[in-house]
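Each remark here refers to the structure printed beneath this line.
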Amino acid sequence: METAEIARRFLAFFEKNGHTVVPSASLVAEDPTLLLVNAGMVPFKPYFLGQRTPPYTRATSVQKCVRTIDIDEVGKTSRHASFFQMLGNFSFGDYFKEGAIPFAWELLTSSVADGGFGFDPDRMWVTVYLDDDEAETIWREKVGLPADRIQRRGKADNFWSMGVPGPCGPCSEIYFDRGPAYGAEGGPVADENRYLEVWNLVFMQFERGEGSGKEDYPILGELPSKNIDTGMGLERMAAILQGVDNIYETDTLGRILRRAAELTGVAYGDNERSDVSLRVVADHVRTATMLVADGVKPGNEKRGYVLRRILRRSIRNLRLLSGDESFHMHDLTAVAIDAMGDQYPELRADADKIHSVIDAEEKNFADTLRAGTALFNRAAERTRRSGSTEFSGADAFQLHDTYGFPIDLTLEMAAEQGLKVDEETFHQLMQRQREAAKRDAKAKKLGNADISVYARLLETGGPTDFLGYTESEGEARVLGVIVNGEATGVARKGDKVELVLDRTPFYAESGGQLADKGTIAVDGRGVVDVEDVQKPIKGLFVHRGTVRDGEVVVDDTVHAAIDTDRRASVSRSHSATHLIHSALRNALGPSAGQAGSENQPGRLRFDFTSNKPLDAAEIAHVEEEVNEVLARNIEVQYMETTLDKALQMGALAMFGEKYGERVRVVDMTDYSRELCGGTHVGATGQLGLVKVLGESSVGAGVRRVEALVGLDALRRVSTESALVGQLSEQLKAPREELPQRIDAMVARLRAAEKEIERLRAAQVLQVAGELAANAREIGGVRVVTHRTADGTTADDMRKLALDVRGRLGESAPAVVVVAGVPADRPVVVVAANKEAQHSGLKAGELVGVAARVLGGGGGGRPDIAQGGGSDAAAVETALQAVEQRVAQS
RNA sequence: GGGGCCAUAGCUCAGCUGGCAGAGCGCCGGUUUUGCAUACCGGAGGUCAGGGGUUCGACUCCCCUUGGCUCCA
């Protein structure tokens, strides 16, 4: 049975039994305590925790999950995968054990023809928690399972909690006996490899208290409303139903694995090591594809880093397999998209974007490896030169930590060169880094933002009603007053406060549009200046500001009014953003998708995906097209509809963005149509003018254009126009000829500078012959001292000294001292020939003698040295000092 | 969130404890006339990311800014 069919049957079975089918949530969890969704129940957590009321009492889903804790186990065992899908059915205060157990049994054991999975009842085993007699009774009496196939297990295996105070309870797990070939008799307690866990039923029965660890907490009592949460691993089920030994050989992962084998020329089953690599590649390519599809981009932190690690591990394993450095990710990603596309059609729709992200990372990693290889070779050479055969752990760590060069590659390359690696030191350094990061995270107490105070407000007061599409002010009731993260109920003059209202004209920052500013006033009692508005959780508007006067208390009736000038200006920016988006797509094709934006008053930023920079002509074209649309004065229309309908109408949605069921479409007739919750102008003519400032890079594959809108655009244009006018006047050239004129000037200037340089050098060197001819003899050393004309540069002095030294030859020791004052400080240069150096006259030392006289210091090599000081009057004395020094030797 | 590193010619990078800014490839010119990057000779090309500081002197040391790479959480 194919994976997609298993999922379909599961959902159909529970739908038939009164469950609402809930589509898989994005892997990017809404829950700020989680990086990625790692279990089937995550999207339902607020319901289980009582933070929100579920819109249904029975639900079922197939949830995408990513788990990276045992990423190192992937490929080595038959079950670990970084990406998997959880089938589950959920009950919120509806049925409990007496419902969940028979449902599971029926679906597993009813025949394939009847829509079930067709398991042989005689090969099924279950476990229940130590004292859960209730569950055992249901299994025996309602299901009819023999008592000898029901086993009891302790808290570690069969008791569930979320690790925090809240619901907890016993579990019952269902196992399938794969037969004697897979291990010992005796049920799951004896051998979990032979008896494979297929389904875990969690009974949320009790409330637990504060406590550390998995088993160390008190049970406070029974929950008033009991819930069911079950989980069946789709991949594992597929392996069983497809009669294969491990999940990598199922229909979906198997396709990627076979293609990887083909591409690298390695046969699966050849040897354990390459098999592990092939399984890692299959797993990781799929995980990466799913993550990218949900909008994750490779990066250096958080989810981006998880993705980067997964991608780099697969690329690394591909290189191990093929033994060369060819690129295979594109091909494999295509297979993954195809293999998963039946279940997740959006993969096919977004294939281009997924490819471009993964291909870019593959190239990026190839660069990292190339640079790292060069660094490794240098370090290895250093090691060998020092006579050691051990590559230091510090070097290995630096390669890894600073340059991203994988340790396994270091080990391998070191072995090739006959070097050992000090792995112990390496691991110590890794450990130290981990501890430092943890210590820091703890000290900052960050990472897990506390949103419970907002969740409670949303729970009691419901979502905020947004009036701002039509109103700029209105009456509202205060539902929450938060100071310093706590619901205090009151805020007084000077307090930084967060206010939650039942309805508001304030737009909260989202979709790139900045929040409104304005005031919230309590009649005759107080005023709050609103500086920012955010939605910390979906649907809840939080107004942040300062109490300017008086006080504000929960339940107050207030008058909320936004700064309408600011709003109008931000709206103009937002409308302009849509126009620029359309113009870019017209110019570059549909691959120029939006990757982020920011709409400030009078100014906007638009990020889009593109592999190459826009040239000046393309920018000009986009700008012109946008301004033409302004002149057409297109009316902006809005409609509210379902997500599906909007997409059918061709509205642009943002890649990787999450949308609710009801969406708002902003429409500028034939020119632009986008899903957007932001505010806009009434007609495009109100924008006045859009001036693109330029284009730049944000990161790999993402470009940014920035533009000014309205009066800000006009001001920019007019100041630049004035600037050009001024230049034209200064250069006495018509505007159009300015670039050529400047080019010509720069070229002439350069030529002139070179000519001056040449002439000056010639002039300086003119005296060289004469100086050499007049060299004096001091104690067997030929000595030339010379003071250059003021203004002679240090560089020219050096040239002169070297020239004169050359003319003096090597027949006898020779020392040349040149000093002068290039600007306001004296400089001295000393050159000594080989003979002089042999007899102990080193330029570096001689220059020191002169420089000290000048009130400074100096140094250099034995053959040529340079120094200087601050006393310009002492130049002659300095020259004499060197002569004396020579005479003494 | 906490670290490490990098920015030098069109590209890839060297440049040691401060003292002459370099190589390979590419480009231009010449000779050679070609077995898969033909060889040889010559040449052009630089605000050493930007700003400040220390110093007689900074590509080099220190600080700041900008951009990039990378590890850990």
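Convention: sequence-line order gives letters A, B, ...; per-chain numbering from 1.
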A/Arg798 side chain, from C-beta outward: closest of B/C20, B/C71, B/U70: B/C20
B/C48 and B/U60, which share atom name C1', separated by this distance in whole Å: 10 Å
Integer-rounded Å distance: B/U70 C1' and A/Tyr403 OH: 9 Å
Partner nucleotide, any strand, of B/G45 [Watson-Crick/G-U, under 3.5 Å]: none
Non-neighbouring partners of A/His400 that pass side-chain contact (heavy atoms from CB on, under 4.5 Å), sequence neighbours left out: A/Phe426, A/Met430
Atom pair distance, as rounded to whole Å: CE in A/Met797 and P in B/C20: 15 Å
Interface with RNA chain B, restricted to residues 832-845 of chain A and to heavy atoms under 4.0 Å: none
Counter-base of B/G1, judged by Watson-Crick or G-U geometry with both distances under 3.5 Å: B/C72
Residues in ring-ring contact (aromatic ring centres under 6.0 Å, His included) contact with A/His328, at least two apart in sequence or another chain: none
Interatomic distance where CZ belongs to A/Arg308 and P belongs to B/G68 [whole Å]: 12 Å
B/G3 phosphate, OP1 or OP2, under 4.0 Å from A/Arg432 side-chain N/O: no
P atoms of B/G50 and B/G30, separation to the nearest Å: 36 Å
Residues which pass side-chain contact (heavy atoms from CB on, under 4.5 Å) with A/Glu73, listed by chain and number, not counting sequence neighbours: A/Asp70, A/Thr77, A/His80
Rounded distance in Å - CG (A/Asn364) to P (B/C71): 10 Å
Rounded distance in Å - CG (A/Leu399) to P (B/U70): 14 Å
Interatomic distance at P, B/A49 relative to B/A44, whole Å: 23 Å
B/U65 versus B/G57 - spacing of their C1' atoms, nearest Å: 26 Å
Under 4.0 angstrom between A/Thr402 side-chain N/O and B/C69 OP1 or OP2: no
In residues 842-858 of chain A, what donor-acceptor pairs under 3.5 Å come from side-chain atoms, sequence neighbours left out?
none

Partner residues of A/Leu399 under the side-chain contact (heavy atoms from CB on, under 4.5 Å) criterion, sequence neighbours left out: A/Leu375, A/Phe376, A/Phe391, A/Phe405, A/Thr410
Pairing partner of B/A21 (Watson-Crick or G-U wobble, both distances under 3.5 Å): none
Distance below 4.0 Å between A/Arg312 side-chain N/O and B/U70 OP1 or OP2: yes
Ion pair check, A/Asp803 and A/Arg807, cut-off under 4.0 Å: yes
Test item: A/Lys297 and A/Leu307 side chains (from C-beta on) under 4.5 Å apart, heavy atoms: no
Qualifying residues under side-chain contact (heavy atoms from CB on, under 4.5 Å), relative to A/Val783, sequence neighbours excluded: A/Ile778, A/Val781, A/Thr785, A/Glu883, A/Val886
Where at least one partner belongs to residues 393-402 of chain A, residue pairs that pass salt bridge (charged side-chain N to carboxylate O under 4.0 Å, His left out), sequence neighbours excluded: A/Arg382-A/Asp395
Contacts under 3.5 Å, N or O only, protein and nucleotides 10-17 of chain B:
| residue | atom | partner | partner atom | Å |
| --- | --- | --- | --- | --- |
| B/A14 | OP1 | A/Arg378 | NH1 | 3.4 |
| B/A14 | OP1 | A/Arg378 | NH2 | 3.1 |

Test item: A/Arg805 side-chain N/O and A/Asn833 main-chain N/O as donor-acceptor pair under 3.5 Å: no
Contact letters for nucleotides 53-62 of chain B, in which S counts primed atoms plus P, OP1 and OP2 and B counts the base, heavy atoms under 4.0 Å: ---BS-----
Rounded distance in Å - CD (A/Glu361) to C1' (B/C69): 11 Å
Salt bridge (Lys or Arg N to Asp or Glu O under 4.0 Å) involving A/Arg378 - partner list, sequence neighbours excluded: none
Carboxylate-amine/guanidinium proximity below 4.0 Å for A/Lys363 and A/Asp367: yes
A/Arg313 CZ to B/C71 P, straight-line distance once rounded to whole Å: 13 Å
Distance in angstrom units between A/Met430 CE and B/A73 C1', rounded: 12 Å
Any pair counted as salt bridge (charged side-chain N to carboxylate O under 4.0 Å, His left out), so long as it reaches residues 420-429 of chain A, sequence neighbours left out: none
